[in-house]
Amino acid sequence: MQEVLIDFQPVGRRAQVKSGQTILAAAQQLGLALGAGGLTAPCGGRGLCGRCRVRVAAGDAGEPTAAERRFLKPEQLEQGYRLACQAVVLGPLKVEIPPESMLGVQKLQVEGLDVAIVPEAPVKRYALSLSRTTIDNPQPLWQQAAAQLESTYGVERPVVDYELAAATEPLATDGTAVVTLRGSEAINLYVGRPAPPPLGLAVDLGTTKVAGFLINLETGATLAADGIMNPQIAYGEDVMARLGYAMEGEEEYRRIQGVVVEGLNRLAATLAEKAGVAVTDIEEAVVVGNTAMHHLLLHLPVEQLARAPYVPALTVPVEVKARHLGLNLSPGAYIYLTPVIAGFVGGDHVAMIQGSRIDAAKKVTLGLDIGTNTEIVLNYGGKMLSCSCASGPAFEGAHIAQGMRAITGAIAAVRLSDDGREVYYETIGGAPPLGICGSGILDVVAELYRTGVINASGRLDLKHPRVRRPAGGGPAEFLLVPAEETGIDGDVVVTQKDIGEIQLAKAAIASGTLLLLEAAGLTVNDLEEVVVAGAFGTHLKVESAVAIGMFPKLPLRAFRQVGNAAGTGARMTLLSMAERRRGETIAREVGYIELMTRPSFQDVFMKSLLLP
């Protein structure tokens, strides 16, 4: 048996395992099964319950067994679904664990700031009084509706969405009705049943996570909020990999677009169920996302986006019928997509600026939206300048030997004492450690530097009692948690390569900050406030980020962590036409610099690799 790479998503665990074993056995080996925070197998892996369903997104897992054919429909098998206790690892695999098969709960940052907004929604409701269509009154329903909208409410030239008209009983009966208009277009109708309040869906479509909010468009209240992992992860963790997949051919593009549409439909249905409404009651949606997510959802050309100078197909706002993208909302519902700024600065960054009010800041303010790509904006003297830096997926646990996403059992906080000999850690859910997530690895590097276990170049002290070289060779490693304390079959360690990955990620953010300040003619000393947004930005320890030089060396009171500010901006854009116009103004006025073209980029980046 040879060792092959298996990659479990969305938990972000990947490792070399022996071929010939089941996917469940590999998951058990990595601590991702049988109650340890990941894949569930209630029958103990005997093929009796059908609960350990996974989807093999890539690779060979052998032919389906009789048990799999019993529990899985033919179309599910065609889509790659398997039972983990039956499917065999025959070569490198990429495996998705669906939510229903997981015990560990992904820690998704959904909420951001609460901002008071006066609702000014793009849809409006009108009450109608209908008379039965007869020989004496030969007026079909929509004729009566149009006449009343014009005469009673002053709506000029009312029109009706085609699919709404096709789905409506054409002949009116005596009674009342409620019609929803977007401008002068009827997009929904309630006849013979009470109409719920007008509802809207706001979505922050992230590369890794998708946050959704169901909003009462009359009051502005959030009725439900939830998040899912972006299912496109199966086709690449970063945007360039996904763009590359879409460029392989039309079938591949349709596939990667289809999975995110399916995910959005699933999220909308979940939110509607939580709020006790029908998903077809959702009459407006707003989606904000980075430029790649925006293009892939809309099925726009992406070839020019995937190569220098990384030009978007369009930077203006987009309004499209939800059904044209395959989204199951009300018959005539529209989706509004916030305009993007540049190839790697998208509508989510516009929404982050809105949600955190950076555009209205009177101080010199730096805004950081940290993710696989980190977008940075600088507000100074009434001007705004932005850039994007490839911070990479290390903060999501990728490229880290025992990295994982923020699920139950992930080490999320670390403190060292006694010159690094004593380790104190916290895991999500208080479970035995399975690995380490982004905030944890950031803490580790900061603590290793503070206690002298690594030097300014990030090199481990090979004489330290917790530093060792693996018996089989490989980079030096720091023993974080011994095997007897973990939930896996072995120690949790931080390797020399892991430290290097964090140095690369922090150098990208630090150099982006410095070059943005340079372009504005400012220095770090001119900064008065730093706004930290995004899921990772919410949970990281600011002291650790400052200690390793990822954030500017400023007093801690200068930092403001705002959570999912892009989600807040999406909700504001959904609720208010004034905010929609404000976002469009931000997108037009924010300047953009391409870091790689700055003459000092290489020098600044190399210096930023060092720990301060």
Side-chain angles (χ1 to χ4, degrees), residues 206-207 236 238-244 247 288-296 300-316 338-353 358-359 364-381 383-394 504-524 526-527 530-531 533-534 550-552 566 586-609:
T207 308
D238 59 78
V239 295
M240 294 306 290
R242 296 185 200 176
L243 292 175
M247 289 163 58
V288 304
N290 65 50
T291 309
M293 296 302 98
H294 169 278
H295 278 44
L296 291 174
L300 293 172
V302 293
E303 290 83 356
Q304 81 296 334
L305 190 61
R307 61 175 184 266
Y310 310 109
V311 179
L314 53 81
T315 57
V316 297
T338 300
V340 306
I341 296 173
F344 289 101
V345 181
D348 54 346
H349 192 58
V350 173
M352 187 278 284
I353 294 170
I358 288 175
D359 59 315
V364 178
T365 301
L366 186 76
L368 298 156
D369 195 354
I370 303 174
T372 305
N373 260 34
T374 293
E375 294 84 30
I376 309 176
V377 64
L378 179 68
N379 184 336
Y380 63 105
K383 301 177 183 178
M384 286 187 289
L385 195 59
S386 69
C387 70
S388 173
C389 48
S391 43
L504 287 170
K506 78 95 177 176
I509 295 171
S511 57
T513 298
L514 292 171
L515 291 167
L516 204 57
L517 288 166
E518 177 187 90
L522 303 174
T523 70
V524 168
D526 295 309
L527 284 175
V530 178
V531 174
M550 187 169 92
F551 288 174
I586 290 170
R588 287 194 303 268
E589 294 184 350
V590 174
Y592 173 74
I593 65 168
E594 177 55 56
L595 297 180
M596 298 289 285
T597 65
R598 303 291 298 179
S600 56
F601 171 77
Q602 197 64 34
D603 183 54
V604 171
F605 183 80
M606 294 305 293
K607 288 179 179 177
S608 297
L609 286 170

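Every heavy atom of this structure was used, including side-chain atoms; hydrogens, water molecules and symmetry mates were not. Since we're looking at a predicted model, the values are computed, not measured.
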* Taking Lys506 for the side chain and Ser608 for the main chain, is one N or O donor matched with an acceptor at less than 3.5 Å? -> yes
* Using a 4.5 Å cut-off on heavy atoms from C-beta on, say whether the side chain of Phe601 contacts that of Leu515. => yes
* Structure fact -> When every non-hydrogen atom of Ala508 is compared with those of Ala390, the smallest separation belongs to CB-O, 3.7 Å
* To do: Before giving the answer on salt bridge (Lys or Arg N to Asp or Glu O under 4.0 Å), spell out for Asp603 and Lys607 the whole-Å C-alpha distance, their side-chain angles and the decisive distance to 0.1 Å.
  => CA-CA 6 Å; Asp603 183 54; Lys607 288 179 179 177; 3.4 Å; yes
* Heavy-atom distance under 4.5 Å between the side chains of Tyr380 and Leu385, does that happen here? -> yes
* Between the side chain of Arg242 and the main-chain N/O of Thr207, is any donor-acceptor distance below 3.5 Å? -> yes
* Structure fact -> Separation between SG (Cys389) and CE (Met596), nearest 0.5 Å, reads 12.0 Å
* Asked: Are Val524 and Leu514 side-chain neighbours, meaning at least one heavy-atom pair lies under 4.5 Å?
  -> yes
* Structure fact -> CD1 of Ile509 to CD1 of Ile370, rounded to nearest 0.5 Å, is 4.5 Å
* Structure fact -> Between Arg307 and Glu303, the two heavy atoms sitting closest are NH1-O, 3.2 Å
* To do: Output the distance between atom SG (Cys387) and atom CZ (Arg598), rounded to the nearest 0.5 Å.
  => 10.0 Å
* To do: Carefully, step by step, assess Leu378 and Leu527 under the rule side-chain contact (heavy atoms from CB on, under 4.5 Å).
  => CA-CA 9 Å; Leu378 179 68; Leu527 284 175; 3.9 Å; yes
* To do: Could you check if a side-chain atom of Pro312 sits within less than 4.5 angstrom of a side-chain atom of His295, using non-hydrogen atoms only?
  => yes
* Test Leu504 against Leu609 for side-chain contact (heavy atoms from CB on, under 4.5 Å), laying out the working first. => CA-CA 6 Å; Leu504 287 170; Leu609 286 170; 3.8 Å; yes
* Structure fact -> The reported gap from NE2 in His349 to CG in Asn290 (rounded to nearest 0.5 angstrom) is 12.0 Å
* To do: Taking all heavy atoms of Ser391 and all of Ala505, pick out the closest pair and write down the distance.
  => O-CB, 3.2 Å
* Are any side-chain N or O atoms of Asn379 and backbone N or O atoms of Ile358, one a donor and one an acceptor, separated by less than 3.5 Å? -> yes
* Asked: Of Val377, Thr365, Ile341, which meets side chain to side chain contact (heavy atoms under 4.5 Å, CB included) against Met384?
  -> Val377
* To do: For residues Leu300 and Leu314, determine if any side-chain heavy atom of one lies less than 4.5 Å from a side-chain heavy atom of the other.
  => yes
* Quick one: does Ser386's side chain have a donor or acceptor within less than 3.5 Å of a partner on Gly591's backbone? -> yes
* **Step-by-step side-chain contact (heavy atoms from CB on, under 4.5 Å) determination, Leu366 to Val531** => CA-CA 6 Å; Leu366 186 76; Val531 174; over 6 Å; no
* To do: Search all heavy atoms of Gly343 against all heavy atoms of Thr291 and return the closest pair with its distance.
  => O-CB, 3.2 Å
* Separation of Leu516 CG from Ser388 OG (nearest 0.5 Å) -> 11.0 Å
* Do Ser600 and Glu518 come close enough that some side-chain heavy atom pair is under 4.5 Å? -> yes
* **Taking every non-hydrogen atom, the tightest pair across Ala351 and Ala566** => CB-O, 3.4 Å
* With a 4.5 Å limit on heavy-atom distance, are the side chains of Phe344 and Leu595 in contact? -> no
* Structure fact -> Which of Val340, Leu305, Asp348 passes side chain to side chain contact (heavy atoms under 4.5 Å, CB included) with His294? It is Val340
* Is a donor on one side and an acceptor on the other found under 3.5 Å between the side chain of Gln304 and the backbone of Val311? -> yes
* To do: Can you see which heavy atom on Gly367 is nearest to which on Met352, and at what distance?
  => C-CE, 4.3 Å
* To the nearest 0.5 angstrom, please state how far the OG1 atom of Thr513 sits from the CD1 atom of Ile376. => 4.0 Å
